[in-house]
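Here the structure comes first, spelled out in C-alpha cells, and everything after it is commentary.
Lettering of chains follows the sequences in order, A, B, ..., and the numbering in each one begins at 1.
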2 protein chains.
Amino acid sequence: MAKRPNPGLQAIADRVGVSKMTVSRVLRGGGGFSAETEAKVREAADALGYVPNRLAAAFGRSGTSTLVGVCVPRLNSALFGSVLESLNATLARLGYDTMIGAHDHLPSEEEAWIRALAAWKPAAVVLTSREHSARTLSTLRDMSVPVLEMWDLRTAPIDLSVGFSHYDNGWEMARTIANAGRQRIGYIGGLAERQTMGAVRLNGFRKGLDEAGLSVFAEERLTDRPGFYSGYYATEMLLARAPKLDAIYYQDDEMAIGGQAYLTARGIRVPDDIGIAGWGGMEAASILPRRLTTTMVPTTRLGKVAAEALVSRLRDAPVQDVTVVQTRLVPGSTI
Amino acid sequence: MAKRPNPGLQAIADRVGVSKMTVSRVLRGGGGFSAETEAKVREAADALGYVPNRLAAAFGRSGTSTLVGVCVPRLNSALFGSVLESLNATLARLGYDTMIGAHDHLPSEEEAWIRALAAWKPAAVVLTSREHSARTLSTLRDMSVPVLEMWDLRTAPIDLSVGFSHYDNGWEMARTIANAGRQRIGYIGGLAERQTMGAVRLNGFRKGLDEAGLSVFAEERLTDRPGFYSGYYATEMLLARAPKLDAIYYQDDEMAIGGQAYLTARGIRVPDDIGIAGWGGMEAASILPRRLTTTMVPTTRLGKVAAEALVSRLRDAPVQDVTVVQTRLVPGSTI
DNA sequence: GTGAAAGCGCTAACAA
DNA sequence: TTGTTAGCGCTTTCAC
C-alpha cells in the first residue's frame, strides 16, 4: 500500500473528492454535511490510517486542545497513585490526554511545572497542592483555562474544587479518640518542613482535642517522608520520650502500620495498652490483626469526579464550583 | 502593565529592534548572535513574561518537540510509581514533558493509548508492556521516533531497552529456595489472565526448580490483582489444598507480606514451618519481623537510566541499545 | 451542504 | 551576525 506516512485532511479530501474543510467537519462530528459524505469520509480516513494532528488543531485556534495538565505531590504514592489512575482513565475515556508533573510539596516545583505546561497551551489544569506561589497564580491567570484544585477542598477555589476537608478529618479523629476515653495522645507525622495536608489534619486534630479538653501530649514530626518504616521508628522515638501515651494518631495508614509493627515487636498490645489510628484507608491495612481505625479516602471516586467535573466545564455544561467527595471515618478496633 | 496575554517572538523582536528569527535563535541558545543582542533579547523576554509556544514549535517542524509519551501498566503501583517518579523527574530536568498512559497489561489498551499519543507527534515513546499488538508496532513505525522499552529487558528491542530479566529473577529465586533445602514449593500470583511480567518470572522459576530436580508443587494463580490482601487469602487457599508446602514464592512483596500475615495469624512459623519469598524490594517489607527474602528492583535508578538513555538518543549522542539495570536477590531470613 | 482563503507562532533554508 | 520567506495541518470566517 502506497500510503504516505502522515495522511492529512487533504489526503482524505482528495480521495473522496471533497474539500478538506468538509473532512474536518465530519471528523469532528459537528454537523453540516450529508450522511453520504460522512460515510465516504469515514471510510477514506480508515483506509488511509488517518491520525489527527492535535498539535495543529490546538495550535491553530486554542480552545480545541484536548490536553490536560495534572500535578500531584509525587507519582509514587499509594493514595495519589489511585487518584491519578482514575483521573487519567476517566479523562482518556472522555477524549483527553494527560500531561503530568510532581511538585513534592514544594510551591516552587509546582511553579516550574506550570510554566513548562503553559507552553503547551493545555485545555485545563488540575492541581493538588496546599499552596500556590504568586507566580503560579499569575501564570494560571494568563493561561485563562479551567483550573481544578483537587484533594483538599477550597471554599474559594480559583475555579473548581473537588475534595474534602483535611482539617475536618483531623478534627473528627480527635473526637473519636477522645470519646474512646484516651487521655495522653500522641501524633506522628512526616515531611514536617513541607506544606503537606498532613499538617492541616494535625491542625484539625488539635482543635478537636482542644474541644474535648485535651491536647497533643507528645508528637514526633519527622523530616523524613511518611512510610512504613518511618512509622516504625517514629513510634519507637516517641514512646522513648513519652512512654505513657495511650493513643497515637498517625499522618497516614502506612505510618500506623509501621507503628503497629513496632508495638507488636515490643509486646505492646493494641488497643489494650495503646490505641492507634491512621488516615487514608490504604490497602496495606487490610492484613493487620485488627481493623485499623482510620479515615477512608475514596481515591478512585475522587479522580473520577474530578475528571468529570473538569470535562463538564470544558464542554460548557453546568458544574458546581465546589464538589465534596465524602471521606468516612472507620472506627475499626485499634482505638 | 499593558502586556498582551501572550507575547510571542515578534513582541520581543519589536521591543529589542531585531527580527523574530534572531530572538528565536537566542532563546534556543544555538549560537549565531552577538552577546549584546543576546542580553537585550533575554531581558526583553523576561520583562514581557514570554512563554514559548511549544505547540507551534513542535507543529512547524517536528523534531523540535520536547514531549515524551510514557505508558505503564498502572499509575497506582508501588513499583511503577517509583519508576515513573524518577523517569518524569529526570525528563523534566532535561527539558522534556511527559504525557502518560496506563495499559493495565492489556495490549489493546496500549494500542489505544499510542494512537492517541501519535496525534501529539511526540519526540519519543516509553513502553513497559510485555507484548505489543501488531497495530501498536505499525503505529510506532509510522511515528518514526525513538522508542524505549523498559522494565523487562529485550534482547532485540524495537529501538532501546532498559531493564533486567524477569525470567532470570525467577530462575535465581528458584535456585535459592532449592539450595535452602526446600522441597515442596508453592507459587502464588495474581492477574493470571493478563500478560504480566509475573508470569515471566514464574517461567524462570519453573526452569530453576526443574534444574534442581524439583517442580512447583502447588500454585494459586488468582485473577485478582496482586496485593496485600490477595496474598493473604491466596495463602489460605493454597495451604488448604496443599498443607505440607515448605516454601512459597509470591509474585511480589505485597503478596508475600499478606502471606506472612496469614501465617502469623495461624501460628505457622516463618521460616521454620514454611519459607516465603517475594519480589520487588518494596518498602512495606521493611517492617516484617524477619527480613524478607526477595529481589530488590532499583526502580529509581531504572527510571533515571531510562530517561537519560532516551535523551541521549534524542540528542544524537551515543547510547547502548540495551542497558541492563541490575536487580539483586536479597537472601533475607524467610527462606 | 460545501468550499476558499487566511492565519495561528515557530523554525529551516536561504539571502544579505 | 542578522533578516526574509515559506510553510507545518488545522479551524475559523465568510461566501456560495
Report task. Take B:Asp104 and B:Arg225 through the salt bridge (charged side-chain N to carboxylate O under 4.0 Å, His left out) test and state the conclusion after the steps. Result -> CA-CA 10 Å; B:Asp104 206 8; B:Arg225 296 182 186 285; 3.0 Å; yes
Can you tell me if [X] touches the phosphate of [N], counting only side-chain N or O atoms and a distance under 4.0 Å to OP1 or OP2?
| X | N | result |
| --- | --- | --- |
| B:Tyr50 | C:dC10 | yes |
| B:Thr22 | D:dT2 | no |
| A:Ser24 | D:dT11 | yes |

Query raised in the report: Does the side chain of B:Val72 come within less than 4.5 Å of B:Val70's, by heavy atoms?
Result: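 With C-beta onward as the side chain, the pair touches.
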Query raised in the report: Do B:Val16 and B:Val23 have side-chain heavy atoms sitting under 4.5 Å apart?
Result: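 No, their side chains stay 4.5 Å or more apart.
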Requested in this report: Can you tell me which residue pairs pass the side-chain hydrogen bond (donor to acceptor under 3.5 Å, both in side chains) test with a partner in residues 303-313 of chain B, sequence neighbours excluded?
Outcome: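 Listed once each, the pairs are B:Asp159-B:Arg313, B:Lys304-B:Glu308.
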Requested in this report: Any side-chain hydrogen bond (donor to acceptor under 3.5 Å, both in side chains) involving residues 88-102 of chain B? Give me the pairs, sequence neighbours left out, ordered by first then second residue.
Outcome: A:Trp120-B:Asp97, B:Thr66-B:Asp97, B:Asn88-B:Thr98
Query raised in the report: Where along residues 33-45 of chain A does a heavy atom come under 4.0 Å from DNA chain C, residue by residue in number order?
Result: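 Within residues 33-45 of chain A, the residues near DNA chain C are A:Phe33, A:Ser34, A:Thr37.
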Query raised in the report: What parts of residues 51-58 of chain B reach DNA chain C, counting only heavy atoms under 4.0 Å away?
Result: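 Output list: B:Asn53, B:Ala56, B:Ala57.
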Report task. Can you figure out which of D:dC8, D:dG3, C:dC10 approaches the side chain of B:Phe59 most closely? Result -> D:dC8
Grab the [atom1]-[atom2] distance between [X] and [N] for me, whole Å please.
| X | N | atom1 | atom2 | value |
| --- | --- | --- | --- | --- |
| A:Asn6 | D:dC8 | CG | C1' | 11 Å |
| A:Ile12 | C:dG3 | CD1 | C1' | 17 Å |
| A:Asp14 | D:dG9 | CG | P | 13 Å |
| B:Lys20 | C:dG7 | NZ | P | 13 Å |

Requested in this report: For the helix from C:dG1-D:dC16 to C:dA16-D:dT1, figure out the bend between the end axes, five pairs an end, and round to 10 degrees.
Outcome: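 One end's axis against the other's: 30°.
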Ignoring hydrogens and geometry beyond distance, is a side-chain donor-acceptor pair present between [X] and [Y] at under 3.5 Å?
| X | Y | result |
| --- | --- | --- |
| B:Ser34 | B:Thr37 | yes |
| B:Thr136 | B:Thr139 | no |
| A:Ser24 | A:Arg28 | yes |

Query raised in the report: So B:Leu87 and B:Leu91, side chain to side chain contact (heavy atoms under 4.5 Å, CB included) or not? Walk me through it.
Result: CA-CA 6 Å; B:Leu87 181 71; B:Leu91 286 175; 4.2 Å; yes
Below 3.5 Å between N/O atoms, which protein atoms pair up with nucleotides 12-16 of chain C? Just atom names and distances, please.
residue, atom, partner, partner atom, Å
C:dA12, OP2, B:Arg28, NH1, 3.2

Query raised in the report: Hey, is CZ on B:Arg74 packed in by over 12 heavy atoms from elsewhere, all under 6.0 Å?
Result: yes
Query raised in the report: What do you reckon, is CD of B:Gln10 surrounded by more than 12 foreign heavy atoms closer than 6.0 Å?
Result: yes
Report task. Could you note down all residue pairs passing ring pair (Phe, Tyr, Trp, His ring centres under 6.0 Å) where residues 12-65 of chain A supplies at least one of them, sequence neighbours left out? Result -> A:Phe59-B:Phe59
Report task. Pull out every residue in residues 116-125 of chain B that has a heavy atom closer than 4.0 Å to any atom of DNA chain D, ordered by number, or say none. Result ->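 Result for residues 116-125 of chain B: none.
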Requested in this report: With sequence neighbours excluded, tell me which residues meet side chain to side chain donor-acceptor pair (under 3.5 Å) with A:Thr299.
Outcome: none
Query raised in the report: Excluding sequence neighbours, so at least two apart, what forms salt bridge (Lys or Arg N to Asp or Glu O under 4.0 Å) with B:Glu149?
Result: B:Arg154
**Report entry** Which residues share a ring-ring contact (aromatic ring centres under 6.0 Å, His included) with B:Phe164, sequence neighbours left out
**Finding:**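 B:Phe164 satisfies ring-ring contact (aromatic ring centres under 6.0 Å, His included) with B:Trp151, B:His166 once adjacent residues are dropped.
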Query raised in the report: Can you name the residues that form a ring-ring contact (aromatic ring centres under 6.0 Å, His included) with A:His105, not counting sequence neighbours?
Result: A:His103
Query raised in the report: Hey, does A:Gly32 reach any base, or is it just sugar-phosphate, or nothing, if we go heavy atoms under 4.0 Å?
Result: base
Query raised in the report: If each of B:Ser19 and A:Leu9 is mapped to the nucleotide of DNA chain D with the nearest heavy atom, which maps nearer the 5' terminus, i.e. the 5' end?
Result: B:Ser19
